[in-house]
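Below is one structure, written out as structure tokens, with a few remarks after it.
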Amino acid sequence: MAKKFYITTPIYYVNARPHIGHAYTTIACDTIARRQRLLGSETYFLTGTDEHGQKIQRAAEAAGKSPQQFTDEVSAEFRALWDRMGITYDDYIRTTSDRHKRGVQELWRRIRDNGYIYKGSYTGQYCVFDELYVDVGPSEPCPECGRPTETIKEENYFFKLSVFAEPLLQLYTSQPDFIRPETRRNEVIAFVRSGLRDLSISRSTFSWGIPVPDDPKHVIYVWLDALANYITALGYRSDDDSNYKKFWPADVHMIGKEIVRFHCVYWPAFLMAAGLPLPKSIVAHGWLLFEESKMSKSRGNIVRTETILDVLGSDALRYFLLREVVFGQDGSFSFDALVQRYNSDLANGLGNLASRTLTMITRYFKGEVPYPSSSASRVPADDAIVKHAQKTISDFHALFESFQFSRALESAWGLVAAVDKYIVENEPWTLGEKQDEHSRSRLATVLYTSAEALRIVTALAHPVMPDATTKIWAQLGLGDIAKSSLADLRWGQLQLGTKVGKVEPVFPRADKSAIERMQMIEDQQRTASAEARPDPNEGRATEAAAGATTTEVLERRASSPGTTETPASQGSAPLNKPPAAAPSDGKITIDDFAKIELRVAQVKVAEKVKGADKLLRLEVDLGTEVRQIVAGIAEAYAPETLVGRKVVIVANLRPRKLRGLESNGMIVAASLEGGRPVLAAFLEEVPVGARLK
């Protein structure tokens with residue numbers, strides 16, 4: 001009986017379009033699923049989109065669309081991208097689908113009937129961005145993302161999370177591989193040991209969600225809703241639950257590190273409460289960083305997957321992400337690094353090995369794989385390649401099983417390098433010019449050895465680069481690589497006399513223009529997106545977008561007594577809407593001032609904005625996050641003098657775009673009319689992230 005294997009991506013939140021951070025997780029899962037199929041496992045691969053919650057409802061309202069229309073459009077973009085990339089998912093679940101809604105309600109009933117849900121009320125802070133209840137004071141930022149929280153008071157249903165602290169700790173102890181890598185496991189253990197409180201699992205102040213069974217004025221908490229997708233997609237408690245019976249529990253839930261708590265604490269607790277089996281493993285990868293910051297819409301550093309597909313193709317991106325990034329750790333992405341890795345490993349490495357080996361077989365042996373010489377005429381270098389290949393197969397399998405993709409690919413490309421060296425040292429082009437029996441015998445051995453090593457690397461790399469390896473496999477004359485097996489891969493399986501196919505380059509070398517084209521496509525896309533979508537902040541805080549200093553903003557507001565500002569967390573009141581009782585003297589109250597969140601930040605990156613004499617693009621560290629800010633201080637401060645400096649920023653100012661860059665905050669500075677701005681500073685040591693009161 002074939003082994004069953006079930007792997008899932010997280011379902012992606014549809015508040016923004018897909019980028020290569022989403023692609024990273026999906027590519028990793030697709031690679032694992034492809035490999036499992038080649039190993040003979042009956043494999044089920046699930047992905048999809050998470051479409052409920054307050055954040056989605058607000059995003060839809062801002063876009064002038066219904067929540068269903070909004071989620072339909074964004075979910076379709078995710079699916080279209082995965083299809084273009086050839087992602088081999090077996091199912092695509094949407095949390096707005098009827099099958100999912102029915103399954104979630106069945107899970108709720110089971111947890112409720114087992115005595116783990118009760119009704120109460122909640123008063124406290126809620127982070128809409130993370131859809132997370134947080135233990136902070138009013139007006140304090142979310143400890144996870146640093147964004148403003150909202151005070152909510154509403155009737156809720158609660159889940160008895162507190163009773164599962166000990167069972168969860170026993171789970172982590174008895175199954176050390178339940179959470180990987182170890183750093184994430186240690187974080188989760190520390191969180192649970194610090195104490196668990198009962199969790200609110202319903203909302204009653206908005207409607208975009210799945211109704212609570214028997215109490216439709218409540219909707220189910222988005223994380224209970226979302227996490228249940230892993231079983232609802234399999235038909236849990238439906239008329240056809242055959243897939244659930246066959247594939248659950250999941251072998252691997254693949255997630256990003258920012259959602260570890262939900263998957264490693266809440267999800268197993270929900271399943272325990274329902275009396276259902278737990279997943280076998282939850283694997284958390286790190287973030288994909290661009291310019292040393294996590295890619296996010298708010299930072300304006302999103303890189304679209306389509307850009308790379310247009311220029312270099314899907315396989316180049318797949319190989320780069322799995323080879324360049326140590327899985328489980330944060331990894332850096334740049335167009336320069338992508339092209340460099342593509343040229344060195346693919347164009348000059350595997351592609352060159354395939355081209356030179358198969359071209360020489362075509363030239364010297366009429367396109368048929370030659371017979372290697374007898375053992376009497378073999379040399380140690382021949383046997384060294386055989387041993388290297390056998391070790392590579394063993395190492396590659398072991399490393400892949402432990403999610404060490406980078407090291408696995410490093411071992412395979414070590415074989416590529418060894419064969420390249422072998423070819424250079426044995427000079428088959430020289431042997432080919434000779435007609436004596438010994439030279440022909442050596443030539444046959446060298447080319448067979450090179451072709452067999454090429455076959456092994458191609459087979460191992462196929463789950464990572466399905467398109468390119470399919471082409472190389474066909475050029476080797478081996479037919480359909482999808483019908484091959486990794487389970488019994490070994491040296492010597494290349495049949496003698498095999499007729500090779502037409503030799504064509506698989507990885508054309510990329511020059512510098514590839515980098516320039518990708519950068520140009522990204523710039524054009526950002527500009528088009530900014531022009532196509534009306535800015536919800538139009539008319540608000542325009543001074544910040546223009547790089548004005550705090551003093552300038554306050555001076556302008558003081559001269560315009562009919563203006564006020566609402567923090568981002570308090571809705572969308574326009575800046576130019578008169579307050580109920582505007583003070584006649586232009587002065588503000590202490591309550592008005594309390595709305596401004598001032599934070600200490602440290603400048604990590606500073607550079608001039610192209611085409612703008614007065615603007616600098618800054619990346620500032622707030623302790624909990626790194627933000628991009630555009631400030632109008634270029635005439636007063638050289639960029640290099642700001643790096644490492646601590647500054648004060650207005651942290652809860654609505655983002656604004658300028659010159660295509662999103663400014664997420666504002667630098668505090670003093671200036672006289674027409675004078676030079678002077679940044680606020682400190683005489684004593686102040687920690688990064690500290691709040692100014």
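These numbers were taken from a predicted model, which means no experiment stands behind them.
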State which residues pass salt bridge (Lys or Arg N to Asp or Glu O under 4.0 Å) with [X]; sequence neighbours excluded, sorted by chain then number.
X: Arg323; answer: none
X: Glu106; answer: Arg109, Arg237
X: Asp90; answer: Arg37
X: Asp467; answer: none

For [range], which residue pairs pass the salt bridge (charged side-chain N to carboxylate O under 4.0 Å, His left out) check, not counting sequence neighbours?
range: residues 273-282; result: Asp251-Lys280
range: residues 167-186; result: Arg184-Glu187
range: residues 22-34; result: Asp30-Arg34, Asp30-Arg318

Does a side-chain N-to-carboxylate-O contact under 4.0 Å join Arg691 and Glu597?
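So Arg691 pairs with Glu597 through a salt bridge.
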
With a 6.0 Å cut-off on ring centres, are [X] and [Y] close enough?
X: Phe159; Y: Phe270; result: yes
X: Tyr157; Y: Trp108; result: yes
X: Phe45; Y: Tyr89; result: no

Rounded to the nearest 0.5 Å, how far does CZ of Arg17 lie from CG of Leu81?
12.5 Å

Any donor-acceptor N or O pair under 3.5 Å, side chains Ser66, Gln68:
no

Residue pair Thr49 / Tyr92, side-chain heavy-atom distance below 4.5 Å
yes

Please tell me if the side chains of Ile56 and Trp208 come closer than 4.5 Å, counting only heavy atoms from C-beta onward.
yes

Determine the interplanar angle of the Tyr116 and Phe164 rings, folded into 0 to 90°, and report it as parallel if under 30°, tilted if 30 to 60°, perpendicular if over 60°.
tilted

Which residues pass the side chain to side chain contact (heavy atoms under 4.5 Å, CB included) test with Ala80, sequence neighbours left out?
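So Ala80 forms no side chain to side chain contact (heavy atoms under 4.5 Å, CB included) with any residue.
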
Under the rule for side chain to side chain donor-acceptor pair (under 3.5 Å), what residues qualify as partners of Ser242, not counting sequence neighbours?
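Applying side chain to side chain donor-acceptor pair (under 3.5 Å) to Ser242 gives Asp240.
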
By the side chain to side chain donor-acceptor pair (under 3.5 Å) test, which pairs, at least two apart or in different chains, include something from residues 159-171?
Ser162-Asp198

Please report, to 0.1 Å, the donor-acceptor pairs under 3.5 Å made by any side chain of residues 190-197, with sequence neighbours excluded.
unit_1: Ser194; atom_1: OG; unit_2: Phe191; atom_2: O; d: 2.5
unit_1: Arg197; atom_1: NH2; unit_2: Asp135; atom_2: OD1; d: 3.4
unit_1: Arg197; atom_1: NH2; unit_2: Asp135; atom_2: OD2; d: 3.4

Donor-acceptor pairs under 3.5 Å, side chain of residues 2-10 to any protein atom, not counting sequence neighbours: which ones?
unit_1: Tyr6; atom_1: OH; unit_2: Tyr230; atom_2: O; d: 2.7
unit_1: Thr8; atom_1: OG1; unit_2: His253; atom_2: ND1; d: 2.8
unit_1: Thr9; atom_1: OG1; unit_2: Thr47; atom_2: OG1; d: 2.7

